[in-house]
Amino acid sequence: MSEEPKREEDSSQISRREFLKDAGLVVGGATIGSIAILSACSGGAETTKTVTQTVTKTATGTAPGGTTTVTVTSPPVTKVVEAAATGTLELTVNKRKYSLAAIKPEYTLAYVLREKCMLPGTKIGCNRGECGTCTVIVDGRNVYSCLVLAVEAAGKDIQTVEGLATNGQINKLQQSFVNNRGFQCGYCTPGFLMSATVLLQKKPKPTMDEVREAVSGNLCPCGNMVRNVKSIVEGGA
Amino acid sequence: MADYAVLGKPGQLDKQAAEVVTGQIECADDVYLGQRLFARILECPHAKAKVKSIDVSAAMALEGVVATVDHTEVPGWTAEKYYAGAPVVAVAAVDEDTCYRALRLIKVDYEVLPAVISPDEAMKPNAPLVGLWPDNNMHVRTDLKRGDADAGLAKADVVVDEALGWSTPHQHSPIEGGNCTAWWIGGHLYAWVSTQNPHGEHSGFAGSFKLKHNMVSVYTHGNGGGFGGGRAPVQIPAAALAKKTGKVVALHSDRQYQFINAAHQFPLRAQIKIGAKKDGTITGIKAEYWGDSGTNVGTPLTDCHLPLSVTFKCPDASFKVNGIITNTQPTGYYRCVAHPGGAFLMNIPLDKLAVKLGMDPLEFRLKNLVTLADKDQLSGNPNSFNGIKETLQAAADKIGYAAKKHAPGAKTLPDGRKHGIAVTGHLDGHGGYSPGRAAIITLRPDGTCYINAGISRTGCGTNTAHCHFVAETLGMKYEDVNTGVYGDTSSTANGGMQAGSTNTTQTGAAFVMAAKDARVQVMETAAAMFTPPVKPEDLDARDSKVFLKSDPTKSKTYAEVCAKNGLIIGRGVGWNAVLQRPVLDWPVGTSCTQRPACAGAAEVAVDTDTGEIEILNYANAVDIGRIVFNQGMYSQAEGGIEHMIAQGMYWDYVIDATTGMVLNPCFLEHRFPGALDLPLDKYSVSILEGDSAVGPYGATGAGEPVVANYSAIACAVYNAIGVWVTESPLHPWRVLKALGKA
Amino acid sequence: MNKFTHVDAKTVAEAASALGSGKAAIIAGGTDLLTTLKDFINPTQPETLVNIKTIPGLEYIKEEGGMLKIGALTKLTDIAESAVVQSKYASLAQAAHKVGTPQLRNMGTIAGNLCQECRCWYYRGMNNYFFCFRKGGTICLAVPGDNTYNAILGGQVCFAVCPSDTAIPLTALDAKIVTNKRTMPIGDLFAVLGDTLAKDEIITEVQVPTPSSGTKQYFLKFAHRKSWDFAVASAAVAIATAGTNVSDCRIVLGGVSPVPYRATDAEAALKGKAIDEASATAAGAGAIAKAMPLTKNKWLVQETKTVVKRAILAAK
């Protein structure tokens, strides 16, 4: 049902993150149990659905005379659960389809991109739409992914920083950020790149003032704004 | 100055540039995705309280909640909470929303205690005790006397005596808040931490959890900014939750927690008396400062007098600094200690005195500067180098001060706004030295080198600068040296804390020594490869080639040498603050004091109907020693202008006078300036290169001198409107108030 | 955020029905709603979010029957960039452009901009600590507290200010708000404690009468930051002239009052006069005639006086 999300990258460039993650699986055994999925409710047409659920709990304990296993089955519970959100969610990110399970309605797109699609290039700076660090492109417009509900992004064309390079080759805008050192710490950089990408699609040769306007929703607390802006001015066609 | 093959060359790129622009640089919150528990912290709602009991039963009953920890389980936390927002309980759950819902279900029974919020109230004799010192809320942190200040002032023809401040209240929030992802395997603690001090975190974990140091591993790569103690501490509760749950736990300080619990810059006020002769010679200074430490009793405000006490010659002076504690959020470092705030307070009376003397404020400053021949007025040591006069002059020239200067209030622009211009500057106290930093480098069989850097990547580019040092010392091409492992405490030597403008230099010195160590091995190997064999001392290296000094056409490439000897590693430790070359009549080895000079010049237009300030031009001049990583240096200096504008006109930390709550704990209300607020095409930077006598290759640190002169804005505003705004930041309402319009 | 059920509405009626049953809230752009949910500041936490973006036909800008009609879901970016809005309803285009940031304008809708929650530091205070009048408490905590950015005009029980930029020119342009229940003058939408919409009432359209040719208009916003900030003080003016003199005008203030504040004293000062430095100054003085600053916001009187004067002089 759910496709294992993998980052498309050159196999020779397996990052330390991937490596550590695998190491953790083996050594730490620290896989977190996934949230209970009400898979019966994956229909999309109805807004709510009534299901009957039976919960079975098994407990093992040591009693006088030996180990006993007790199984308790609850009486059937009927409740109304919400449909589209607790089922699977189909997201299209960087032209790739992700079928994700256990997406709660309150999950933001930023959270899902990072935690479910495994695309941590989108950073979370304030989680309140004030810093621009989580900026992604949805249907051609730059938005704060921390203020988009993931369930509302289904079926849309989502682009993140991971989608800018092609076959491991960074694009002209990214190269301009490299050449101009359009970053200090680099945490805000993905957001700047996404806002810039939208601008350059409309205006391939922007002026400095047009760039300032276009990135006015992205903060760079390190204070590298002059180089960020220059990188964008020189990063177009 | 010597010409180097690698150091300071323009066009050399940051070693992590490709990771940054692809979003691949790993931060502490980017690891173990999909496999980890999330954690968040419940904050105390009272300015002072004692936790009597905590009931987490409702929170634990919530689906998805895994564990909670409180002061009984988190090392360093106590039942006493001394400020609103202090951490009380940390909860781990399957997702972040569940954490927040769980926090709302925790019931804490507090004994609410009398608190004191305002520093002016706290210093009164009968004020409630904050609770961190047994019998008062104010301690003298510095009490310096040289000569006789009163006698010096008595000799003066003109004296100013000014009450100033509060200045610089801000939480210089880095874009990444405090993050820690922690897990335990077989009693060994592993943690990714957003930090400027990975080896310090390593020791911190070991101490907190009573572990041997070899049972801790700390990782840090990308680190979303820093600027001093600006990051909320989350690592200990994260590790406590990881231990309790047996899972990977990611504790992310949200932006509110970050603004409240990360150190904010302590506000300062002062009473400063300065006297001068009619010719402008300063005869006496008496300065007393008060700093609101919040709940950090040891906050680094002791040096706030330094710009005034070391920059201007004055044998008869006294400086006293009082640290006041209050039941407010902890204060701490901002790049690094108290110079920006201290300089703001100093420059107002200096300008007032100049006006009274009928002198140009810049001329008055230039007349009283210490010179290289003077020993440092604080330490008695030689200054390692001192270009304060040149630095002030460079800032003034860049901004066109001589042609544009005028009497206060004298110039109105065609659009009706008032024009102002000012130059301020001082000797800074950063870039000092201490031993205790080490470095390792490794040469590979293909003739390349990687450095094992025991520091994180915070943005200033110091690990790229270290590659420069290694390449220069080994005679390698810049592209042949790269950062290998960095910020991983298990496989790097202690690179120290990225603070105090010391990382390029102190840690850099360790890398120079490591490269020298490796170079000896390279030369020994190479010497045997020539036919006939030569002596190592006959050889030199440049552009990744080892060649005969007598005949540079005869050479071996690094690839050839390393293919022969694939086992070359270098190790080095840094050095003390002593002269590396003679200065005047002081020999090598003399203890010395690093005093980078810095100056800022601002040209402003002030709208007297709205109080709005526009920066027309801003020049930043720093006396930086030797440039190492060129792009990094310039981006620090340009970024310094943005930080000065932020300090002078935007950042503000507002605490409710009744409850002690922070009223604006977010980027928006804290007024972080964005691209439309910053005059990006009006910056100019002057880097005065000159070899420091103590740093590696004459380098010194830049991170702090570049942000220290926001006082230039205040002085320029005075020059524009003829009245002083003596508190900062200079928000429109403060300007209107000074003008009598609010 | 609390748990909620997320419902995609297909029609206005379906959305209204979902809003009417239980604790529910509309989600459109979500830029304001989600911040309030993340901080748990809503007095009533919704258990259902009704997504109205899935209702077709609510996103448009058109001129029809002597008026501009803007669908409730129209994004602020589209309003700011619309040629017809820029040419005939310039003050609205100016205000839409001044909202937030490019990202927020790409997400936020016109109706959402009108209905957003206030930004008062006490209302939005940390961990929902401050139990202020707006939340059911007994007093407005800004009055004894830090009121640097609170209301100087029209504050009564609550001194939070109306944060909407677009509401200011829409009031000056005499707009009407169409909901699934009624069509009302925009002034009727606002009250000191928030909007006046019924629980199951949904804005569907904003209507702006086409100003008569020769009407001068302008929106001017003072804020701490240009990049992204709410107004410290703003003014929208719509001025009709007969010959050289002002025959009629509407002057509306933002950022200094709990509702878009119609500055009738300023209008009176301007009517019958030629627009010049003296009449604009007099109108600025009129705008603050009834100002009652609190302990720390006397500066807003100066800002308001100035923003009105300058908006009048800039109108074209």
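Naming convention: chains lettered A, B, ... in sequence-line order (proteins, then strands); numbering from 1 in each chain. When reading the values below, keep in mind they use all heavy atoms of this one structure, side chains included, and skip hydrogens, waters and symmetry mates.
Across Val215(A), Thr135(A), Val138(A), the residue that shares the most heavy-atom pairs under 4.5 angstrom with chain C is Thr135(A). Ranking Thr48(C), Leu49(C), Asp39(C) against chain A, the residue ahead of the rest is Asp39(C), based on heavy-atom pairs under 4.5 Å.
More than 12 heavy atoms of other shown residues, nucleotides or ligands fall within 6.0 angstrom of atom NZ in Lys221(C). Within 6.0 Å of NZ in Lys23(C) there are 12 or fewer heavy atoms belonging to other residues, nucleotides or ligands.
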Step-by-step side chain to side chain contact (heavy atoms under 4.5 Å, CB included) determination, Lys75(C) to Arg141(A) = CA-CA 11 Å; Lys75(C) 304 282 194 303; Arg141(A) 288 189 173 191; 3.8 Å; yes
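For the atom pair OH (Tyr144(A)) and CG (Leu104(C)), the distance works out to 4.5 Å, reported to the nearest 0.5 Å. Between the CG atom of Leu34(C) and the CD atom of Glu106(A) there is a distance of 11.0 Å, given to the nearest 0.5 Å. Rounding to the nearest 0.5 Å places OG of Ser216(A) at 10.0 Å from CZ of Arg225(C). Interatomic distance, Glu152(A) CD to Lys53(C) NZ, rounded to the nearest 0.5 Å: 3.5 Å. The OG1 atom of Thr108(A) lies 5.0 Å from the NZ atom of Lys38(C); values are rounded to the nearest 0.5 Å. With rounding to the nearest 0.5 Å, the separation of OG1 in Thr31(C) from CZ in Arg128(A) is 13.5 Å.
Scanning both residues, Phe4(C) and Pro105(A), for their nearest heavy atoms gives O-CG, 3.2 Å. Summarising the geometry of Ser195(A) relative to Gln103(C), their closest heavy-atom pair is OG-NE2, 3.2 Å, with the distance given to 0.1 Å.
The side chain to side chain contact (heavy atoms under 4.5 Å, CB included) search around Ser17(C) returns none, not counting sequence neighbours. The ring pair (Phe, Tyr, Trp, His ring centres under 6.0 Å) check on Phe177(A) picks up nothing, with sequence neighbours excluded.
Heavy atoms closer than 4.5 Å to chain A are found nowhere in Leu33(C), neither backbone nor side chain. Heavy-atom distances place the backbone of Asn2(C), and not its side chain, under 4.5 Å from chain A. When heavy atoms are compared at a cutoff of 4.5 Å, Thr77(C) approaches chain A solely by way of its side chain, counted from C-beta outward. For Val198(A), no part lies near chain C; criterion is any non-hydrogen pair under 4.5 Å.
No side-chain heavy atom of Lys104(A) sits under 4.5 Å from any side-chain heavy atom of Met1(C). For the pair His6(C)/Leu149(A), a side-chain contact is recorded, criterion being any heavy-atom separation below 4.5 Å from C-beta on.
Residues of residues 218-237 of chain A that come within less than 4.5 angstrom of chain C, heavy atom to heavy atom, are Asn218(A), Leu219(A) in numerical order.
Among residues at least two apart or in separate chains, ring pair (Phe, Tyr, Trp, His ring centres under 6.0 Å) pairs with a member in residues 108-133 of chain A are Tyr107(A)-Tyr111(A), Tyr111(A)-Phe38(B).
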